[in-house]
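This report concerns only the one structure given below.
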Amino acid sequence: MSDLISIIIPTYNRGQLIRETLDSILMQTYKNWECIVVDDGSTDDTADILAKYIERDNRFQYHQRPEERLKGPNSCRNYGFELSKGEYVKWFDSDDLLTLNAFEGSSMFFSKLPDLIVSSLEFIDFNKNKIEKKHFFLSENIIQDYLTGKIKFYTFTPTWKKSFLKNQPYLFDEAITNMDDWDFNLRMLYLEPSIIYIDQPLIQYRIHENSLSQEISKLNFHEIQSEFKAIRKHLSLIEQNQKANPQVLKVHFKNRLKFIFRAALVENNEHKFFYLKQLLILELQLFQFLEIIKTIVGFTFYSLFKKGYKFLS
């Protein structure tokens with residue numbers, strides 16, 4: 001008998017989108033799956049929608065996040081994992097889509113007993129039009145390139161062997177709300193799982209203005225703080241496990257900080273001084289004294305004259 005795939009979906013007020021996601025699962029050519037949807041407290045018609053799918057096909061399950069667990073998609077993912085019965089686990093989002101043969105394409109490699117199967121994806125807009133953007137996920141230096149964002153797995157391109165995940169001290173960090181997939185995948189990669197890559201898109205990743213990934217560009221302070229927390233966490237981890245050069249991540253962090261600081265300065269964001277302080281501290285840690293001078297000059301000139309932006313490039 002074919003291996004059971006558990007697909008785990010956290011959701012929150014995505015009733016207008018989740019039907020398409022569930023339909024893409026229902027139409028899979030590979031039939032041995034269970035779909036566990038964990039609701040983070042939706043106030044829309046999500047429950048009614050799921051009731052209809054469960055009545056139609058008992059491979060669907062619908063659960064509410066237990067009240068005693070921290071609110072957020074990571075709590076839902078972890079709870080869904082506890083409920084899952086599959087030999088393989090696929091995390092998914094309630095606004096993205098599977099291609100028709102997504103499970104079939106991954107299952108072809110189950111006999112090789114990998115810990116992880118990673119596919120490519122294609123980007124689509126709200127109306128399911130393809131966006132011409134390349135997904136980079138192949139690398140000869142996987143940890144360093146993942147640390148610095150040169151490659152991405154996201155939450156949903158991997159299919160994991162459940163026995164590998166069960167051996168981990170914890171899965172998704174429930175205290176992180178942004179870059180949670182980055183944190184999770186990196187911690188798993190540090191353990192050197194056996195990986196099979198499928199260089200074809202099995203996922204359609206929907207990009208729209210309500211995506212959490214867009215919150216950084218909106219200067220959402222809470223999500224930016226979460227990103228900083230995740231990066232600092234992995235600076236500490238790689239200093240201990242020596243899986244990558246911490247300096248590489250520090251430089252990446254500095255460049256990320258500079259990008260956010262520039263945007264905050266131009267928009268006169270209330271947190272611009274916080275970002276300035278964080279940037280100067282990191283430049284000092286990197287002994288980049290010329291960069292410190294450029295940052296201070298750029299900030300001063302732009303604040304006074306709305307010029308000097310080039311010093312922050």
Side-chain angles (χ1 to χ4, degrees), residues 5-28 30-31 33-84 86 89-100 102-103 121-131 154-157 171-172 174 176-181 184 201-218 220 222-223 226:
I5 300 174
S6 297
I7 183 164
I8 300 169
I9 304 176
T11 192
Y12 177 71
N13 286 345
R14 287 288 172 84
Q16 78 278 18
L17 292 172
I18 199 169
R19 287 187 183 90
E20 291 179 321
T21 299
L22 300 180
D23 285 342
S24 76
I25 296 169
L26 197 58
M27 293 187 294
Q28 288 298 300
Y30 187 91
K31 301 302 181 183
W33 52 264
E34 63 175 1
C35 177
I36 301 169
V37 178
V38 182
D39 198 320
D40 198 30
S42 296
T43 56
D44 63 1
D45 59 348
T46 296
D48 293 334
I49 292 169
L50 263 295
K52 293 176 181 177
Y53 276 87
I54 292 169
E55 183 179 358
R56 179 180 176 184
D57 193 314
N58 63 12
R59 290 175 294 179
F60 288 107
Q61 302 176 35
Y62 179 63
H63 304 270
Q64 293 287 341
R65 170 185 49 79
E67 290 186 5
E68 68 274 12
R69 302 184 78 136
L70 196 65
K71 182 175 175 57
N74 290 334
S75 295
C76 295
R77 292 181 180 116
N78 290 337
Y79 181 58
F81 180 80
E82 295 167 16
L83 299 172
S84 66
V89 172
K90 190 167 194 65
W91 318 105
F92 209 54
D93 289 340
S94 56
D95 55 351
D96 298 319
L97 306 173
L98 293 163
T99 61
L100 187 64
F103 291 168
L121 59 81
E122 64 180 16
F123 300 92
I124 59 173
D125 64 17
F126 192 85
N127 298 312
K128 296 193 287 185
N129 299 311
K130 186 175 179 180
I131 298 172
Y154 298 98
T155 311
F156 37 76
T157 59
L171 297 179
F172 285 89
E174 298 179 11
I176 293 176
T177 57
N178 193 52
M179 291 184 70
D180 44 353
D181 57 336
F184 169 77
L202 301 182
I203 308 291
Q204 289 184 312
Y205 176 25
R206 196 193 307 258
I207 297 178
H208 55 91
E209 62 180 12
N210 293 323
S211 296
L212 184 59
S213 59
Q214 303 299 309
E215 290 301 307
I216 299 298
S217 63
K218 298 176 185 177
N220 182 316
H222 175 74
E223 298 304 334
S226 178

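Counting begins at 1 with the first residue of the sequence. Since this is a predicted model, take the numbers as computed values, not measurements. Quick note: numbers below take in every heavy atom, side chains included, and nothing from hydrogens, waters or symmetry partners.
- Screening Asp180, Val89, Asp181, Val38 for a side-chain contact (heavy atoms from CB on, under 4.5 Å) with Arg77, the sole residue that qualifies is Asp180.
- Considering only residues two or more places apart in sequence or on other chains, Glu67 meets the side-chain contact (heavy atoms from CB on, under 4.5 Å) condition with none of them.
- Judged as a salt bridge (Lys or Arg N to Asp or Glu O under 4.0 Å), and not counting sequence neighbours, the contacts of Arg69 are Glu82, Glu174.
- Residues passing the ring pair (Phe, Tyr, Trp, His ring centres under 6.0 Å) test with Phe123, sequence neighbours excluded: Tyr205.
- Atom NZ of Lys71 sits in a crowded spot, with more than 12 heavy atoms from other residues, nucleotides or ligands closer than 6.0 Å.
- Residues Asp96 and Phe156 come closest through the heavy atom pair OD2-CE2, 3.5 Å.
- With no hydrogens or angles considered, no side-chain donor-acceptor pair links Ser84 and Glu34 at under 3.5 Å.
- Partners of Phe172 according to the ring pair (Phe, Tyr, Trp, His ring centres under 6.0 Å) rule, which considers only residues two or more places apart in sequence or in another chain, are Trp91, Phe184.
- Ion pairing between Arg14 and Asp95 holds under the 4.0 Å rule for side-chain N and carboxylate O.
- Remark: side-chain polar atoms of Ser24 are not paired, donor with acceptor, to backbone N or O of Leu97 under 3.5 angstrom.
- Side-chain N or O atoms of Lys31 include one that pairs as donor or acceptor with a backbone N or O of Gln28 at under 3.5 Å.
- Residues Ser42 and Asn13 share a closest heavy-atom pair of OG-N, 2.7 Å.
- A distance-only check finds no donor-acceptor pair linking the side chain of Asn127 to the backbone of Asn129 [under 3.5 Å].
- Using modelled atom types, no side-chain atom of Ser226 and backbone atom of Ile176 make a donor-acceptor pair closer than 3.5 Å.
- When all heavy atoms of Ile9 and Asp93 are compared, the pair lying nearest together is CG2-C, 3.9 Å.
- Taking the salt bridge (Lys or Arg N to Asp or Glu O under 4.0 Å) definition, one finds that Asp45 meets it with Arg19, sequence neighbours left out.
- Arg206 contributes a side-chain N or O that, together with a main-chain N or O of Phe126, makes up a donor-acceptor pair within less than 3.5 Å.
- A donor-acceptor pair under 3.5 Å links the side-chain atoms of Thr21 to the main chain of Ser94, judged by distance alone.
- Between the NZ atom in Lys130 and the CG atom in Asp125 there is a gap of 12.5 Å [rounded to 0.5 Å].
- Rounded to the nearest 0.5 Å, atoms CG (Leu50) and CZ (Phe60) are 8.0 Å apart.
- Ile7 contributes atom CD1, which lies 3.5 Å from atom CD1 of Ile25 (distance to the nearest 0.5 angstrom).
- Asp39 meets the salt bridge (Lys or Arg N to Asp or Glu O under 4.0 Å) test with no other residue; sequence neighbours excluded.
- When all heavy atoms are compared, the tightest approach of Ser75 to Arg65 is CB-CD, 4.0 Å.
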